[in-house]
Amino acid sequence: MNSAVLFAGCKPEVAAFGERIIAVGPRARAAAGRGAEVVRLSGVALPGLIDSHIHLEGLADRELTVDLGGAASLVETLARIREWAKPLPKDAWVVGAGWYNDAWPEKAFPSRRQLDGAVSGRPAFLRRKDGHSAWVSSAALRVATVTRDTEDPPGGSIDRDGGGEPTGILRETAMFLVDRAVPDAGDADLDGAMAHVLDDLARVGLTGVHSMDSARAFTSLQRLQARGPLPVRVTYNLPLADLAHAERMGVRSGWGDGWLRFWGVKAFLDGSLGSRTAEMLDGSGTARLPQADLVDMIDRCARAELNVCLHAIGDGAVRRALDALQPCMNAWSKWRPRIEHAQCVNPKDMPRMARIGVIASMQPIHAVADRELADAMWPSVAAHSYAWRDLERAGVRLAFGSDAPVETADPLAGIAAATTWRKQAKWYPELALTRASALKSYSAGAAYAAGMEDEAGSLRTAKLCDMTVVDEHDGVVATVAGGRVTYRRKRA
């Protein structure tokens, strides 16, 4: 039987019954009553922070594969791969992610011949940090029957040397040529890694996430939920490839419960800045989804009452997204179209974005990692890139996240990136947000982007008791989701 809980000592204090808030502030103690369980906390109680763009499957895979994140050079990267591969059977795949050539002294993309020695001739598939390129070995190309005669797939490209042979770098949809041959982890291994990931997300203060993952991840989450309550609320967005299945089943946005629910359909319009595939108005980059297919997708989603999450990084991709979304304004009562990343939006498109109700689902931490690359590759548009303040001023709703595992999932790092970092870095500080706006984008804005504004995003009576309690100097003190403490820092 549920009883009242008083979260005392934090500011404001909060009383909850079951999953819901019954009072906030001075009235909390009286509302909780004398028989309430008292949970003593210190620090500031914020509305539960929500990551509006994360890849749970990618985070879980990092637990099961070789993690190349943070390697400072090609030599260090190859050493990690060699060490990981050493105990594997001779025919086993070497799978991993996180390599980042832009952080190496020699910034050239690596080759399969460099990889072949490190994996001792095994098939290998290694995603770049941004997930938009893959580095594969010669054996992997053979298994996937990718040769000099293989044509570039629509929306992707195979890098080739001077003689026309594949170099081992596959960009955008060309990754699928090899990825489909990579064996998946077993269910037990995936579930164990996924459970660990969710606990880690609660530890950094997250009460909810919007995941951009495959059906494999959703199935794992269902298995975990059957064993007990999840520590983090998950709003799941399915890939465009699965739209037809959702249409046949009649799944609509919001189906599920407060802990695991469907929301939108994720599609890629372009690539990324780091992989040199962001689609720009100057004609550079890669268009992954043709406009006719994009229009068809949006029309089908609007009719099926499924929302859309459109990956668009370059200003050309953003404009195409707006062109396709405009005819479907107010398609239905919970229509919440989103552009994911929106790293470069032409100033002329910002008021239009607001007018047609498109949400900017952005990740401030990307600017910290991308600054030098943006200056080098987008010198004429960097002044209106990662333009959180300009978008807010234009009336665009913001929803913030991390894109983890591409960057850290720590929402406090994201808030710092959106607020104080630009001034410290002396990089277009006028585009920074106030702390209040950044917090809103990680709470009320993210809740609205998933149709949960009546349930989450603020500390108010009758809403879900989701809180992130922080200390000014020591970070996250505790995380509370649905009135349940999902993380509490141990006292020294």
Side-chain angles (χ1 to χ4, degrees), residues 2 18-20 47-60 187 190-191 194-195 197-199 201-202 206-267 300-309 331-338 340 359 361 399 401 443-457 462-466 479-484 486:
N2 289 329
E19 290 198 16
R20 303 272 170 184
L49 299 180
I50 303 166
D51 189 312
S52 67
H53 187 113
I54 200 167
H55 301 278
L56 297 177
E57 189 173 1
L59 286 166
D187 290 351
L190 176 61
D191 292 355
M194 188 70 77
V197 163
L198 294 176
D199 286 339
L201 296 178
L206 290 168
T207 60
V209 297
H210 303 171
S211 77
M212 311 287 169
D213 287 305
S214 74
R216 171 175 169 253
F218 185 70
T219 303
S220 176
L221 290 164
Q222 289 181 85
R223 289 193 295 262
L224 292 178
Q225 190 184 33
R227 299 173 196 168
L230 301 177
V232 176
R233 301 182 191 279
V234 180
T235 296
Y236 170 75
N237 298 285
L238 64 152
L240 176 56
D242 290 341
L243 171 57
H245 301 303
E247 288 175 305
R248 279 195 294 271
M249 292 187 295
V251 175
R252 299 167 62 223
S253 288
W255 182 86
D257 60 25
W259 293 97
L260 182 59
R261 58 199 285 274
F262 269 95
W263 187 247
V265 180
K266 164 80 179 296
R300 289 165 63 191
C301 286
R303 281 189 278 110
E305 295 192 353
L306 283 165
N307 275 283
V308 293
C309 304
W332 56 291
S333 62
K334 286 282 189 177
W335 180 240
R336 305 285 165 82
R338 300 161 48 153
E340 307 298 323
I359 298 160
S361 171
S443 53
Y448 178 85
M452 292 188 70
E453 66 275 14
D454 295 333
E455 299 283 290
K463 283 197 170 186
L464 293 167
C465 185
D466 293 356
T479 309
V480 177
R484 177 168 45 95
T486 54

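Quick note: numbers below take in every heavy atom, side chains included, and nothing from hydrogens, waters or symmetry partners. Everything quoted here is computed from the prediction, not taken from an experiment. Quick note: residue numbers are just sequence positions, from 1.
Using modelled atom types and a 3.5 Å distance limit, the side chains of E305 and W255 yield no donor-acceptor pair. Between the side chains of H210 and R338, at least one donor-acceptor pair of N or O atoms lies under 3.5 Å.
When side chains are defined from C-beta on, T235 counts as touching M452, because their heavy atoms get closer than 4.5 Å. For the pair S211 and F218, the minimum side-chain heavy-atom distance is 4.5 Å or more. Contact of the M212 side chain with the C309 side chain is registered, since non-hydrogen atoms from C-beta on lie closer than 4.5 Å.
In terms of modelled atom types and a separation under 3.5 Å, the side chain of S361 and the main chain of E340 share no donor-acceptor contact. D257 contributes a side-chain N or O that, together with a main-chain N or O of L260, makes up a donor-acceptor pair within less than 3.5 Å. Checked by atom type and distance alone, the side chain of D466 never pairs as donor or acceptor with a backbone atom of T207 at under 3.5 Å. Formation of a donor-acceptor pair under 3.5 Å by the Y236 side chain with backbone atoms of G264 is not found in this model. Panel note: side chain S52, backbone A446; no donor-acceptor pair is recorded below 3.5 Å.
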Exercise. Is there a side-chain contact (heavy atoms from CB on, under 4.5 Å) between D199 and T486 once you walk through the steps?
Worked result: CA-CA 8 Å; D199 286 339; T486 54; over 6 Å; no
Problem set entry | Full working for side-chain contact (heavy atoms from CB on, under 4.5 Å) between L198 and L221 | CA-CA 10 Å; L198 294 176; L221 290 164; 4.0 Å; yes
For this session: Please report the C-alpha distance between L306 and L243 in whole Å, then the side-chain angles of each, then the deciding distance to 0.1 Å, and finally whether the side-chain contact (heavy atoms from CB on, under 4.5 Å) criterion is met.
Result: CA-CA 9 Å; L306 283 165; L243 171 57; 4.0 Å; yes
Exercise. Can you list the steps and then say if L206 with I50 is a side-chain contact (heavy atoms from CB on, under 4.5 Å)?
Worked result: CA-CA 6 Å; L206 290 168; I50 303 166; 5.8 Å; no
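In this structure, the separation between CG on L59 and CE on M194 is 8.5 Å, given to the nearest 0.5 Å. Rounded to the nearest 0.5 Å, atoms CZ (R20) and SG (C465) are 10.5 Å apart. The CG atom of L49 sits 12.0 Å away from the CG atom of L201 when rounded to the nearest 0.5 Å. Interatomic distance, F262 CZ to N237 CG, rounded to the nearest 0.5 Å: 9.5 Å. Residue S214 holds its OG atom at 8.0 Å from CG of D242, rounded to the nearest 0.5 Å.
Classification of K463 and E19 as a salt-bridged pair fails, no side-chain N sitting under 4.0 Å from a carboxylate O. E455 and R233 are not joined by a salt bridge, as no carboxylate oxygen comes within less than 4.0 angstrom of a charged side-chain nitrogen. Electrostatic pairing of E247 and R300 counts as a salt bridge here, judged by a charged N lying under 4.0 Å from a carboxylate O. Between D213 and K266 no salt bridge is recorded (no basic side-chain N to carboxylate O distance below 4.0 Å).
The cationic atom of R252 (NZ for Lys, CZ for Arg) does not lie both less than 6.0 Å from the six-membered ring centre of W335 and within 45° of the ring axis. A cation-pi arrangement is found for R336 relative to Y448, the charged atom lying closer than 6.0 Å to the ring centre and inside a 45° cone about the ring normal.
Closest of all the heavy-atom pairs between A399 and I359 is CB-CG2, 4.1 Å. Minimum interatomic distance between P231 and A481 (heavy atoms only, all atoms of both residues): O-CB, 3.9 Å. When every heavy atom of D191 is checked against every heavy atom of S220, the shortest pair comes out as OD1-OG, 2.7 Å.
The side-chain contact (heavy atoms from CB on, under 4.5 Å) with C301 is formed by just one residue from the set V265, L240, N307; it is V265.
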